[in-house]
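Only one structure is covered here, and it is reproduced in the block below.
What you see is a predicted model, and the numbers here were worked out from it, not measured in a lab. Numbers restart at 1 for each chain; the letters A, B, ... are given by sequence-line order, proteins then strands.
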Amino acid sequence: MSSTTNSPTHHTSTIGAIGAPSRRNTELALLVFAVVIPVFAYANVGLAIDDKVPTGLLSYGFGLALLAGVAHLAVRKFAPYADPLLLPLATLLNGLGLVCIWRLDQSKLLQSLPAYFTAAPRQLLYTALGIALFVAVLVFLKDHRVLQRYTYISMFSALVLLILPLVPGLGANIYGAKIWINIPGLGSLQPGEFAKIVLAIFFAGYLMVKRDALALASRRFMGLYLPRGRDLGPILVVWAISILILVFETDLGTSLLFFGMFVIMLYVATERTSWIVFGLLMSAVGAVGVASIEPHVKSRVQSWLDPMHEYVLSRQGRAGHSEQAMQALWAFGSGGTMGTGWGQGHSDLIRFAANSDFILATFGEELGLAGVMAILLIYGLIVERGVRTALAARDPFGKLLAVGLSGAFALQVFVVAGGVMGLIPLTGMTMPFVAYGGSSVLANWALIGILIRISDTARRPAPTPAGNPDAEMTQVVRPS
Amino acid sequence: MSELTLTVMRLGFLAVLWLFVIVAVQVIRSDLFGTRVTQRGSRREAARPQQASRQQARQQSTPPQQRAQQGGGRRGRNAPSKLVVTEGTLTGTTVALQGQTITLGRAHDSTIVLDDDYASSRHARIYPDQGGQWIVEDLGSTNGTYLDRSRLTTPTPIPLGAPIRIGKTAIELRK
């Protein structure tokens, strides 16, 4: 025996949940950090472009700090045990996005374009609305399990949201993809961003009920569990819907996002690898099939396979070709490892959509590989916290919902970043929090709000068991 | 703005960005939560002889009965606040003492459900008397309840730290 000398008071072991501290002060400290970094970047852009600290520095900094402060106070009040990282990470991304959009606003080249408008103030307004929505989610959604009641209403409203852009008069075909709707007096809206959240609620509610049938009733074949034909129904329906989205709205990203989210949640609910195999096969078949028919998708695939060719064609003035994919690759290339520095790149050459779909190219050029890796890691940390929340959640609905939301978030980042970097064909989606776009910012703040609500419920320490009132009443009758 | 300043700012910004990521990861590290299990197995084995010798020493100086009465008289500071299972399959389970009767046995409605072959379904109970002194009473079990070494025949006050043995399970009152 080793001569371990324990103090005698340590001879019991205690098994129990750790009374997790609320970690709100950690969140506040990180939040201050997350506000300071964008302010630094903002000053840096001003110094690089105009040789002076931008005049709006104080108001911008105060604006961001105020929004972050409001969000933090709301979390402190309404979700005191929530995850300490989600809010600072999202705030940092949003702040960096604002700086990047403002930086592109300063570009002389973009200012000369007819479609130019100063996007940064609007994005700040959208951020404020997003934070308001975030606070509203925390205030009104006291318990995420309430959402479970609206399983089939969610399905219906998600379908409506997805179909809305196709309604004549309401939908707007902007640059080839029909994913916007025009609301008179308010501007345009991308319902797909919100459908992502609503659909996650439906999938979570549906799979929670059906997962046993999907997981257990299956035959084993070559190491894979083959589901019964009738259990294939739901995945076929979702597949068909996402194909329809792809055909009618010509939006590869949204369709990939929905199908991928469903497969992820199906896998998490049933623990059957076969669903992933089926999902990958079906999405491959669907994508290849549609890409060979639909011209808009086809052109996207072509510019993915040979961006240089597209660039040359576009320079020759041929219609229907885009030089953006190649420009984005050049932006990443000229950034190198450490980047050119804020305000010193030429990513504005991408021109159109430089501050929305292609905003990652600006980060790639001005912050370099080091900066893009940090940003992707921040996205990764948000997803990690979402999955950790799912692991910690006690109810199956909350687990599935957290997995679905973080899975959708991860897929969106993958689809956009992969598209801009030339890994997969380019899609018309926005980088969450960073890219310019009201719908995206609003929807993603709502998503973070729901994740914070679930994590608050998951991390809340269990109430101390009350003394059993029956115990004293119980009389033990001894047979004598 | 000079080239040097901009270069310093560029690298400084990247450093700050990465610092944020590292701090965030550190927060995750310190934030691992879940079930905490402390001190099982070998450490308990090592601690047990000490515990036994300490109890012997204590019992030699004052008889248990007398000590118990002292404890009952000075309620508050010396009153036990919890019941701790120190041996057996339930090792580590604690039950807060809040004036309620605690039943021990294999029956499912017991406060502490013993998973022990030598325990009866309703084996014993532990309850406070009028003076707040905790009493253990054997409920006609097959194999008996032992307070320290002696088999119980009547309801007996429990001194602090004395093991109540039921089969392979030992239970103590703690402050």
Which answer fits A:L377, side chain, backbone, both or neither, if we ask what part of it has an atom under 4.5 Å from a heavy atom of chain B? side chain
Just one of B:L152, B:I102, B:L173 clears the side-chain contact (heavy atoms from CB on, under 4.5 Å) bar with B:V136, so which one? B:L152
At a 4.5 Å cut-off on heavy atoms, which part of A:A29 comes close to chain B: side chain, backbone, both, or neither? neither
Can you tell which part of A:L391 gets under 4.5 Å to a heavy atom of chain B, answering side chain, backbone, both or neither? neither
Contact winner vs chain B - A:A374, A:P88, A:G341, heavy-atom pairs under 4.5 Å: A:A374
Does any backbone or side-chain atom of A:I37 lie under 4.5 Å from a heavy atom of chain B? Answer side chain, backbone, both or neither. both
Angle between ring planes, A:F363 versus A:W342, binned at 30° and 60°: parallel, tilted or perpendicular? perpendicular
Main chain of A:A390, side chain of A:K399: is a donor-acceptor contact present, judged purely on distance under 3.5 Å? yes
Considering only heavy atoms and a distance below 4.5 Å, find which of A:G368, A:G343, A:A43, A:A41 pairs most often with chain B. A:A41
Interface moiety of A:L367 toward chain B, non-hydrogen atoms closer than 4.5 Å: both
Segment of B:L11 engaging chain A (4.5 angstrom heavy-atom cut-off): side chain
Give the ring-plane orientation class for B:F20 versus A:F33, where under 30° counts as parallel, over 60° as perpendicular and anything between as tilted. perpendicular
Pair A:E365, A:T340 - check side chain to side chain donor-acceptor pair (under 3.5 Å), show working. CA-CA 6 Å; A:E365 180 163 14; A:T340 57; 5.1 Å; no
Look up atom CD1 in A:I452 and atom CG in A:L85, then write down how far apart they are to the nearest 0.5 Å. 10.0 Å
